[in-house]
2 protein chains.
Amino acid sequence: METTTEPPESIAQIRVVIVEDHGVLAESLGAALAAQPDLTVVGTATTPSEAIRVVCDTRPDVVLMDYGLEQGDGLLAARGIKGVVPETRVVIMTGVRDETVITGALDAGCDGFVRKTAPLRQLIDAIRTAAAGGQAFAAEDLTVALRRMRSAPSTLTKREFEVLRLMAAGASTADMVRALYLSPHTVRSHVRHILEKLGAHSKLEAVAIAARDGLINVGGPEEP
Amino acid sequence: METTTEPPESIAQIRVVIVEDHGVLAESLGAALAAQPDLTVVGTATTPSEAIRVVCDTRPDVVLMDYGLEQGDGLLAARGIKGVVPETRVVIMTGVRDETVITGALDAGCDGFVRKTAPLRQLIDAIRTAAAGGQAFAAEDLTVALRRMRSAPSTLTKREFEVLRLMAAGASTADMVRALYLSPHTVRSHVRHILEKLGAHSKLEAVAIAARDGLINVGGPEEP
DNA sequence: CGGGAGTTCCCCCAAATGGAGGATGTAGCC
DNA sequence: GGCTACATCCTCCATTTGGGGGAACTCCCG
């Protein structure tokens, strides 16, 4: 591989753990990072729980965390790691064009954010920046996140999110009544609040808006 | 990297083009494949059109094609490549859990199918198998695809698909009337046929089923 | 302790939707 | 020429939904 913008000459090794459930990417990425003179891959994991265990065992400098894990949320795993070994630096890696991921990453106390569409060099730089104690967020990502935070105050409550997710699954009011053990009046009340907050005029539109804004992951062929 | 299950000893080089818009994966994968003694990466592309151009220029043995490209469909690109340079072998790589991808890959005349969750060795084996003239589809994937093809005959007409896509965008009947220049009666008629064919009892449920089965791509943060 | 947010439940009513049926014209197929 | 599929439009009716109120109760925070 070619050198990056900042090829460190010191022998200070950055110990990296890769959390990624796509074997193809995990392995090739591991090889690519290992080819860097200052990076050492000391462990890998494919699930949040495995990630925390590996981090406890290996005490890496940086965790490279995929956002879209099959079994759970990368940000949740990041929170867990920060809770158990707070000095661990976490760089989130995502393939989705979802502005809420970066706000979530900031909220979870992550130290870097890289899109999978970015060149590899950018990822390596982010790892080095995070390891050095810096924050590796692209200015473009931050501005997008800020714009969304201003424009969409979408402050849905927990219950409303539950209802929204059920709606996205195609549930009728009666279905939600059965699922949540509530009165139809209550479900309808939640629905109306959701419509109001999202600016929708139907459940269908609400789900479409929520899907567009990344509030929910619509079932089926998606890769978060 | 380590050798695979079938480390060829002949010097016959397999020329590979990688089509992948995730720079991180494209680059690290390129490095990992190049480390194989029998594989040579002769080109990369990030869009379908670029892919076809690169294939024309470099005439590779195998094209490693990501299904989920931002700008267009990997299967469409595969079709284009097969049309222009039919002897090219195409291996589809996908991260989504969508059974329709594999049927589409078979339909497009692809020669291999690998999930990103698979180990790297499996991908490399698929490339070698495809280059040797074989078909590299996992038995598990084929059975799943067959099961779906039997269970979901979902024969929506063109017009019904148009209506379905509008529904997924959150359009009301009135919106669709304006969008399609039809009578509300006609739109409602199409909607009812869609509900019947999908086994849904509401527009919301129909969209959820369609999204689950990969009939439509629901807007927003998805990575097909 | 007071106030706000959240959850739960209730009322009313107009509009949209789901579900049933039929009618017309057009296009392609055997 | 018939037949079938498709698209278009229609009627009728029961149910659901959207939109507007309000009223408890809990919990948390200042």
Side-chain angles (χ1 to χ4, degrees), chain A residues 100 103-104 107 149-213 215-216 218-219, chain B residues 149 152-213 215-216 218-219:
Chain A
T100 63
T103 61
D107 198 45
M149 283 174 70
R150 269 201 298 269
S151 66
S154 98
T155 48
L156 294 186
T157 66
K158 282 182 188 177
R159 207 52 160 169
E160 286 162 355
F161 261 110
E162 284 185 54
V163 172
L164 178 62
R165 271 186 280 267
L166 283 168
M167 290 199 312
S172 68
T173 301
D175 293 334
M176 293 191 273
V177 165
R178 281 186 286 273
L180 300 174
Y181 301 99
L182 291 175
S183 155
H185 298 99
T186 309
V187 172
R188 281 169 56 78
S189 183
H190 288 312
V191 168
R192 280 186 291 119
H193 288 150
I194 292 169
L195 297 192
E196 200 177 350
K197 287 182 178 179
L198 296 184
H201 297 281
S202 69
K203 297 204 266 189
L204 194 60
E205 193 184 356
V207 169
I209 290 173
R212 168 171 59 77
D213 292 358
L215 268 58
I216 52 175
V218 177
Chain B
M149 282 174 72
S154 98
T155 48
L156 294 185
T157 67
K158 282 184 189 176
R159 205 54 157 169
E160 286 163 356
F161 260 109
E162 283 184 55
V163 172
L164 178 62
R165 271 186 280 268
L166 283 167
M167 290 197 316
S172 67
T173 301
D175 293 333
M176 293 192 272
V177 164
R178 281 186 285 272
L180 300 174
Y181 299 100
L182 291 176
S183 155
H185 298 99
T186 307
V187 172
R188 279 166 58 79
S189 185
H190 288 311
V191 169
R192 280 186 291 121
H193 288 149
I194 293 169
L195 297 193
E196 200 178 349
K197 287 183 177 178
L198 296 185
H201 298 279
S202 69
K203 297 205 268 191
L204 195 60
E205 193 184 357
V207 168
I209 290 173
R212 169 171 59 76
D213 292 357
L215 269 56
I216 51 174
V218 179

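Numbered from 1 within each chain, the chains take letters A, B, ... in sequence-line order. These numbers were taken from a predicted model, which means no experiment stands behind them. What's counted below: heavy atoms across the whole structure, side chains too, no hydrogens, waters or symmetry copies.
- Between the OH atom of Tyr181(B) and the P atom of dC9(D) there is a distance of 14 Å, rounded to whole Å.
- Within residues 185-194 of chain B, the residues that place at least one heavy atom under 4.0 Å from DNA chain D are, in residue-number order, His185(B), Thr186(B), Ser189(B), His190(B), Arg192(B).
- Nearest-nucleotide positions on DNA chain D for Pro184(B) and Lys158(B) put Lys158(B) closer to the 5' end.
- The salt bridge (Lys or Arg N to Asp or Glu O under 4.0 Å) test with Glu160(A) singles out one residue from Lys197(A), Arg192(A), Arg165(A), and that residue is Lys197(A).
- Side chains of Val191(A) and Met176(A) form a contact here, defined as non-hydrogen atoms less than 4.5 Å apart.
- Rounded to whole Å, the distance from CG on Leu156(A) to C1' on dA5(C) is 14 Å.
- Residue Leu164(A) contributes atom CG, which lies 13 Å from atom P of dT7(C) at whole-angstrom precision.
- Applying the 4.0 Å criterion to OP1 and OP2 of dC10(C), one finds that Ser183(A) has a side-chain N or O inside that range.
- Distances shown here put every side-chain N or O of Lys203(B) at or beyond 4.0 Å from the OP1 or OP2 atom of dG18(C).
- Side-chain contact of Ser202(B) with Lys203(A): a donor-acceptor pair under 3.5 Å is absent, judged by distance alone.
- One interatomic measurement links the two molecules: CG of Asp175(A) to C1' of dT15(D), which rounds to 15 Å at whole-angstrom precision.
- Separating the CG atom of Leu180(A) from the C1' atom of dT8(C) is a distance of 12 Å, rounded to the nearest angstrom.
- Atom CG in Leu204(B) sits roughly 18 Å away from atom P in dA16(C) (whole-Å rounding).
- With rounding to whole Å, Leu182(B) atom CG is found 9 Å from dA7(D) atom C1'.
- Ala169(B) meets the side-chain contact (heavy atoms from CB on, under 4.5 Å) test with no other residue; sequence neighbours excluded.
- The closest side-chain heavy-atom distance from Leu164(A) to Arg159(A) is not below 4.5 Å.
- Taking atom CG of Leu195(A) as the reference point, atom C1' of dG20(D) lies 13 Å away to the nearest angstrom.
- Side-chain atoms of Leu195(B) and His201(B), non-hydrogen and from C-beta on, never get closer than 4.5 Å to each other.
- Look at His201(B) and you'll find a side-chain N or O under 4.0 angstrom from OP1 or OP2 of dG19(C).
- No side-chain heavy atom of Val163(B) sits under 4.5 Å from any side-chain heavy atom of Leu156(B).
- Taking side-chain N and O atoms only, Thr157(B) has no distance below 4.0 Å to OP1 or OP2 of dA5(D).
- Listed pair Ser202(B) / dT16(D) fails the phosphate criterion, with no side-chain N or O lying under 4.0 Å from OP1 or OP2.
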